[in-house]
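Reminder, nothing fancy here: chain letters follow the sequence lines and each chain counts from 1.
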Amino acid sequence: MPGRLESVEAVDVVQVVALDGGFPVLAGVDFSAPRGSITAVLGSNGAGKTSLLRTLAGLTSVASGTGQVLGVSVARPERGLVGRVGLLGHDTGCYEDLSPAANLRFLSRILRADPRRADAVLARVGLTGRLGTTTMAELSAGQRRRAALAQLILRAPELWLLDEPHASLDGDGRALVDSVMEEAAGQGMTVVFTSHDPGGAARVADQVCTMAGGVVTERRDGERRGPHAA
Amino acid sequence: MLRDAWAVFAKDLRIEAKTRVGLWQVLPFAVIALVTFAFALGPGKSALSAAAAGMCWVGVAFSSVLVVGRSQGIEREHGVRTAQRLAGIDPAGVFLGKTGAVAVQLAVIEVVLGAGAVGLLGYHVHRLWLLLVASVLATIGLAAVGTIYGALTGAARARETLLPMLVLPIVIPVLIAGVRCWQAASVSSAPRVGEWLSVLGAFAVIYIAAGVVLYGQIEEVQ
Amino acid sequence: MKQRKVTILGWAAVVTLAATAFFGIVVTPPDVVQRQYVRFLYLHPPMAWVAYLAFGIAAAASILYLWPKTRRMAFDALALACVESGVLFTGLVVVTGSMWAHPVWGTYWVWDARLTATALMFVLFLGYLALRRVGGSPEQVAKRSAIAALVSFIDVPIVHFSVLWWNTLHQGPSVLTPGLSSQGVHGAMAWTMLLSFVAFTLLFAWMVARRMELERLRLGGTNRSLEEQLAARRAEGVPA
């Protein structure tokens with residue numbers, strides 16, 4: 001029985017050159033990811049992993065290249081990606097002086113979402129009770145990461161971009177990230193994450209790309225679909 | 001736009017309530033500025049009461065730079081701007097919400113400085129309605145201009161000195177009109193009150209409109 | 001603008017300025033009231049005209065840059081060139097104004113609407129230049145500056161009226177620009193003044209054109225090395 005074939009690629013870009021302050025952080029990237037898949041991007045520091053995610057989010061200026069992200073031209077996304085892409089970077093995206101619960105409440109107002117969902121999401125990431133109502137500044141690094149993850153879950157965008165989501169998390173935290181990504185992909189959202197751990201990344205991903213010098217140098221299947229994919 | 005504005009407004013005030021930066025840093029600064037002016041211009045009662053309105057408004061203008069700096073400062077940390085932009089927040093709503101929060105904080109400062117003017121400088125309020133209307137309009141104008149320039153100078157390393165340099169010249173009309181209105185409010189009739197109020201009103205409307213239209217472009221610049 | 005046209009413009013400016021100086025200093029007579037100081041007539045008003053022109057063009061160029069359909073870096077360069085020249089001319093306006101006012105009015109400064117608005121323009125120009133020093137990509141700098149220019153521009157009429165009403169309460173409507181409306185300007189003086197307006201406008205145009213060319217070269221230089229940067233970037237990935 002053939003595996004599910006994604007007929008539409010969520011991301012499909014060719015030879016993308018992206019500039020940050022005039023410097024080519026991406027020097028000709030070919031990258032694609034089917035809808036509902038999980039892609040891991042490996043590479044050493046400075047290889048361009050973060051820049052790739054930022055470019056897919058529409059946050060960097062693209063000098064050249066063709067292709068689309070969620071049906072929007074990668075070179076001129078204009079406002080086509082607004083509300084459809086989520087990025088979990090090194091920053092938490094949360095106000096330091098508010099609690100995770102208050103941050104999520106603010107976000108759900110922006111999203112016009114049911115405020116009760118915020119509580120459910122906090123429970124999902126394990127920030128219940130006292131942890132949910134403590135100011136962000138007083139939380140540990142791992143707890144802050146969970147708060148940032150909660151914001152992404154609440155947003156539930158079409159494309160999830162996570163920059164080293166497993167960093168500064170313990171075993172439970174890493175398992176949480178993996179399960180959240182699996183859940184998202186299962187619901188049809190597309191996930192791309194970067195990692196320094198090839199083995200762990202391959203276990204949860206459908207495809208594993210490696211970057212170096214601002215280009216994608218290697219692409220292989222991950223273990224999530226692996227030999228079962230048609 | 002308005003729902004985002006309300007969310008941002010409430011969020012900004014909640015942060016201020018928690019951290020009390022305005023209360024413990026800006027308000028004391030404003031009071032100290034007023035007292036400093038009094039020492040420089042006094043102790044003659046007539047000199048002080050003549051200058052009372054001017055001293056208050058200069059204090060408010062300087063304070064507005066500090067309040068705006070703080071208001072923009074909280075948006076610079078921890079990638080909140082990027083996160084909100086990706087989430088699809090309406091920039092015009094952000095502008096209105098932040099302007100509103102700044103205006104509320106400035107209003108508190110004005111009340112305190114006004115009380116100081118009455119208590120320390122011999123300023124008498126004859127027409128309260130004029131005082132209130134003029135103050136509301138002037139505050140909105142100050143908050144709007146400050147928020148626009150605060151967002152524009154966000155990336156600057158020298159933003160603490162750049163922001164007052166940009167904002168204070170622009171708000172000269174508000175200073176002039178605000179002081180004239182406060183002076184007029186201490187007597188039963190004064191010339192040109194209608195014109196001063198129209199200056200304040202026009203300023204507020206123009207800069208609110210400018211912010212609503214341009215704030216999206218400003219945010220994209222960062 | 002082609003180099004040749006700019007050079008011709010420059011020479012035209014030199015010629016007209018020289019002519020203005022000649023007529024202004026040698027040919028035209030001193031004034032009955034103002035004596036030799038009336039010769040400021042050939043310096044101050046034309047420079048004020050250029051200052052306002054610079055401000056207006058900078059604002060218009062900023063609007064054009066912000067409007068997506070007409071967004072071109074040339075407009076940003078135009079705005080910058082106008083502001084830089086504008087700062088110079090506005091500063092000179094204020095200085096020549098004071099130099100002229102002291103012997104004629106007895107005071108260096110008057111808080112009337114026109115002077116104050118002009119002084120304010122000077123400060124706004126400086127603010128624009130200060131803001132440009134805040135870093136970022138050329139597009140970021142251009143956009144930020146254009147917005148600031150626009151926000152400043154809409155303030156000037158408001159300031160003008162505010163100061164007008166502020167001042168006339170105290171001094172009455174008798175504040176005049178020295179020389180122009182009180183006795184009327186005619187004959188050789190009128191022609192020379194017209195010549196001075198033309199001369200300073202040409203000078204301004206030449207300065208703006210040269211500055212825009214400089215800006216074009218400055219920006220072009222960074223783009224040319226993109227190929228080299230790409231090669232270097234890709235080489236980073238190759239193991240040593």
Practice item. Evaluate side chain to side chain contact (heavy atoms under 4.5 Å, CB included) for Ile218(B) paired with Lys143(C), printing each intermediate quantity in order. Key: CA-CA 8 Å; Ile218(B) 300 176; Lys143(C) 202 174 232 189; over 6 Å; no
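Scanning all heavy atoms of the two residues, the minimum distance from Pro169(B) to Leu124(C) falls at CB-CD2, 4.3 Å. Residue Ile147(C) comes nearest to Gln217(B) through the heavy atom pair CD1-CB, 3.8 Å, listed as atom of the first residue, atom of the second, then distance.
Residues Leu162(B) and Arg133(C) are not in side-chain contact: their nearest non-hydrogen atoms beyond the backbone lie 4.5 Å or more apart. Under the 4.5 Å side-chain criterion, counting only non-hydrogen atoms from C-beta, Val134(C) is not in contact with Thr153(B). Contact annotation: the side chain of Asp155(C) approaches that of Pro173(B) to within less than 4.5 Å [non-hydrogen atoms, C-beta and beyond].
Atom CZ of Arg210(C) sits in a sparse spot, with 12 or fewer heavy atoms from other residues, nucleotides or ligands closer than 6.0 Å. More than 12 heavy atoms of other shown residues, nucleotides or ligands fall within 6.0 angstrom of atom CH2 in Trp109(C).
With a 4.5 angstrom heavy-atom cutoff, Leu150(C) touches chain B only via side-chain atoms. Heavy-atom distances place the side chain of Leu120(C), and not its backbone, under 4.5 Å from chain B. When heavy atoms are compared at a cutoff of 4.5 Å, Ala210(B) approaches chain C solely by way of its side chain, counted from C-beta outward.
Note that OG of Ser162(C) is 8.5 Å distant from CZ of Phe203(B), once rounded to the nearest 0.5 Å.
Within residues 122-133 of chain B, no residue has a heavy atom under 4.5 Å from a heavy atom of chain C. Applying a 4.5 Å heavy-atom cutoff, the residues of residues 134-150 of chain B that approach chain C are Ile148(B), Tyr149(B).
Contact count versus chain B (heavy atoms, under 4.5 Å) is highest, among Leu131(C), Ile154(C), Val151(C), Val123(C), for Val151(C). Per-residue heavy-atom pair counts under 4.5 Å with chain C were compared for Leu166(B), Val199(B), Ile170(B), Ile176(B), and the maximum is reached by Ile170(B).
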